[in-house]
Amino acid sequence: MDDPSPALKDGFADATVNAIAQRLADASPEFQRARFKKVVLDGFDELSLMARVRRVAEGMVAALPADFAQALAIVERALGEPPHIDDVSEGMGAFQWAPFLEFVAIAGIAHPELALPALARLTRHFTGEFAIRPFLEQHLDTTRDHVRSWVTHTDPRVRRLASEGTRPLLPWGKHVTLLKREPHDGLALIEALAHDSSDNVRRSAANHLNDVSRLFPDLALQHANRWATQSELGQATARHAMRTLIKKGHPAALGLLGYDVAAEVTLSGLTLSAKRLAIGDTLQVQATLTAAAKGKKAVRCCVDYAVRYASARGTERLKVFKGSSLSLMPGEPVVFAFQRDFIPRTTRVLYPGEHAVQVLVNGVMLGEQGFTLGVS
């Protein structure tokens, strides 16, 4: 798996390995510290973040008892009591616990009856969404039985695991073919979570449905429409779940969010702050929108923008960015503006050449202006 950002792994380094080794040694005299460090540190610096997590877990497998139940007891003693829900570590600090769950995924794969309840306990230290994936692949029915019980768990971290762990397109997670091919069971599992009292749980349910929308748009829309009519919380969850379809200009998704997709809107005065930019510069864009002078009701518009990037091979790379929502009174022009920086990032390589900005209103491209991106 590729490292999502080279800087992230620097927070999971030798000091993290030493701290984990100390915890395990304190939890059990059986822990073979020297063997653990030998397995873990060989070529450790060259590994990506998630590869480092797995390597530490492999070191735990090598240095703990071969009996999974015995090893699991040591792992849980080393972790101690889970933090209160309000005291959960964020950022890189939380990744120190990731190898403990990855250990369960590796050493416990042949023992789902022990491993799955353990993941529900350990997910209160660090999310078990990655560790559950091998069980979904190899023990689908058994795992789903456990997940059904997690949906009503008192701890929102466990309820979130039920949704996040079964996502069809979980980022950084192992893709499970059946979850992508047949998402109905997963959607049935998370139905109640769309209205959950926890923001984190609802956000996960929205992410789950957003994954489905990328695979089966009509199925996702059916669920979003139902969620939106069942509660105010469900309505907010459905809105967040439709973000990919909104960026694609899907009329039914736009309609669900209250945009007037049939309204006639014109774009004028599309101008750029410069026609030539250097990599690292920021582009300012301004334009005017006018709704047709029909009736007196305001027209609600989703105004996004897209950048058509140059690529190494000359093929088009179009990236849609979220803009804003505007209410246009018929016949009354409204000026709007946005900006886009062209700073290199690990997630997007910039190439000199011809680029363009497009303005999208309710999913329809109304105007485009080109510019040249060069080196400073």
Side-chain angles (χ1 to χ4, degrees), residues 129 132-133 136-137 140-141 143-153 156 158-171 173-263 299-304 320 322-323 325 360-365:
E129 66 199 61
I132 194 179
R133 307 296 280 193
L136 286 164
E137 186 172 53
L140 181 62
D141 292 339
T143 304
R144 277 181 170 160
D145 287 344
H146 283 269
V147 171
R148 289 187 187 95
S149 70
W150 298 345
V151 168
T152 56
H153 199 281
V158 181
R159 299 199 301 275
R160 180 186 179 277
L161 175 60
S163 173
E164 199 73 9
T166 58
R167 283 178 59 178
L169 302 175
L170 178 67
K174 181 180 180 61
H175 282 194
V176 180
T177 300
L178 197 61
L179 295 183
K180 293 192 291 185
R181 192 171 64 223
E182 300 178 11
H184 298 80
D185 286 341
L187 287 170
L189 285 172
I190 67 166
E191 184 78 20
L193 302 181
H195 317 276
D196 198 272
S197 59
S198 165
D199 287 344
N200 285 336
V201 174
R202 293 196 307 276
R203 190 176 302 113
S204 177
N207 289 339
H208 191 128
L209 189 62
N210 184 58
D211 282 359
V212 175
S213 78
R214 294 165 60 187
L215 300 167
F216 303 99
D218 291 342
L219 177 64
L221 276 162
Q222 290 173 16
H223 284 264
N225 274 294
R226 184 166 64 254
W227 293 0
T229 59
Q230 289 175 338
S231 71
E232 289 187 9
L233 292 176
Q235 185 177 49
T237 306
R239 291 175 64 89
H240 188 54
M242 292 291 97
R243 60 189 184 275
T244 294
L245 292 183
I246 293 297
K247 283 188 175 183
K248 291 181 176 180
H250 195 292
L254 287 160
L256 174 64
L257 270 62
Y259 294 112
D260 297 309
V261 294
V299 173
R300 190 157 181 262
C301 296
C302 174
V303 184
D304 293 335
V320 178
K322 187 62 187 169
S325 294
L360 311 173
V361 177
N362 290 342
V364 179
M365 197 271 282

**OP:** Look only at the side chain of S231 and the backbone of H195, and say whether a donor-acceptor pair between them is shorter than 3.5 Å.
**Re:** no
Original post:
Taking the side chain as C-beta and beyond, is there a heavy-atom pair between H184 and L219 under 4.5 Å?
Top reply: yes
Original post:
Do L140 and V176 have side-chain heavy atoms sitting under 4.5 Å apart?
Top reply: no
Original post:
Between R167 and D211, which heavy-atom pair has the shortest distance, and what is it?
Top reply: NE-OD2, 2.8 Å
Subject >> Nearest heavy atoms of V299 and A263, plus distance in Å >> reply: CG1-CB, 3.4 Å
Original post:
What is the distance from atom CG of L245 to atom NZ of K247, rounded to the nearest 0.5 Å?
Top reply: 12.0 Å
Original post:
Is any side-chain heavy atom of I190 less than 4.5 Å from a side-chain heavy atom of V151?
Top reply: no
Original post:
Within a radius of less than 6.0 Å around NE2 of H175, do more than 12 heavy atoms belonging to other residues, nucleotides or ligands occur?
Top reply: yes
Original post:
Of all heavy-atom pairs between H208 and S163, which one has the smallest distance, and what is that distance?
Top reply: ND1-O, 3.1 Å
**OP:** Ignoring hydrogens and angles, tell me if any N or O in the side chain of D304 forms a donor-acceptor pair with the backbone of G323 under 3.5 Å.
**Re:** yes
Original post:
From R160 CZ over to S198 OG, what is the distance, rounded to the nearest 0.5 angstrom?
Top reply: 9.0 Å
**OP:** Run the salt-bridge test on R144 and D141 with the 4.0 Å N-O cut-off and return the result as yes or no.
**Re:** no
Original post:
Rounded to the nearest 0.5 Å, how far apart are CZ of R300 and CG of D260?
Top reply: 8.5 Å
**OP:** List the atom of G165, the atom of L136, and the distance in Å for their closest heavy-atom pair.
**Re:** O-CD1, 3.2 Å
Original post:
Do the charged groups of E191 and R226 touch, with an N to O distance under 4.0 Å?
Top reply: yes
Original post:
Out of curiosity, R133 CZ to L179 CG, how far, rounded to the nearest 0.5 Å?
Top reply: 5.5 Å
**OP:** Enter the distance from L170:CG to N207:CG here, rounded to the nearest 0.5 Å.
**Re:** 9.5 Å
**OP:** Considering non-hydrogen atoms only, spot the tightest contact between N210 and A241 and give its length.
**Re:** OD1-O, 3.2 Å
Original post:
Between V212 and P168, what is the shortest heavy-atom contact and its length?
Top reply: CG2-CG, 4.0 Å
Subject >> Ring geometry between H146 and W150 (parallel below 30°, tilted from 30 to 60°, perpendicular above 60°) >> reply: tilted
**OP:** Using side chain to side chain contact (heavy atoms under 4.5 Å, CB included) as the criterion, list what pairs up with A224, not counting sequence neighbours.
**Re:** L209, A238, M242, L256
**OP:** Could you tell me whether a side-chain N or O of T237 sits under 3.5 Å from a main-chain N or O of L233, the two making a donor and an acceptor?
**Re:** yes
Original post:
For L221 and H250, what are the C-alpha separation, side-chain angles and deciding distance, and is it a side chain to side chain contact (heavy atoms under 4.5 Å, CB included)?
Top reply: CA-CA 10 Å; L221 276 162; H250 195 292; 3.2 Å; yes
Subject >> Rounded distance (nearest 0.5 Å) linking atom NZ of K322 with atom SG of C302 >> reply: 3.5 Å
Original post:
Should D185 and T166 be marked as a side chain to side chain contact (heavy atoms under 4.5 Å, CB included) after you check the CA-CA gap, both sets of side-chain angles, and the distance that decides it?
Top reply: CA-CA 10 Å; D185 286 341; T166 58; over 6 Å; no
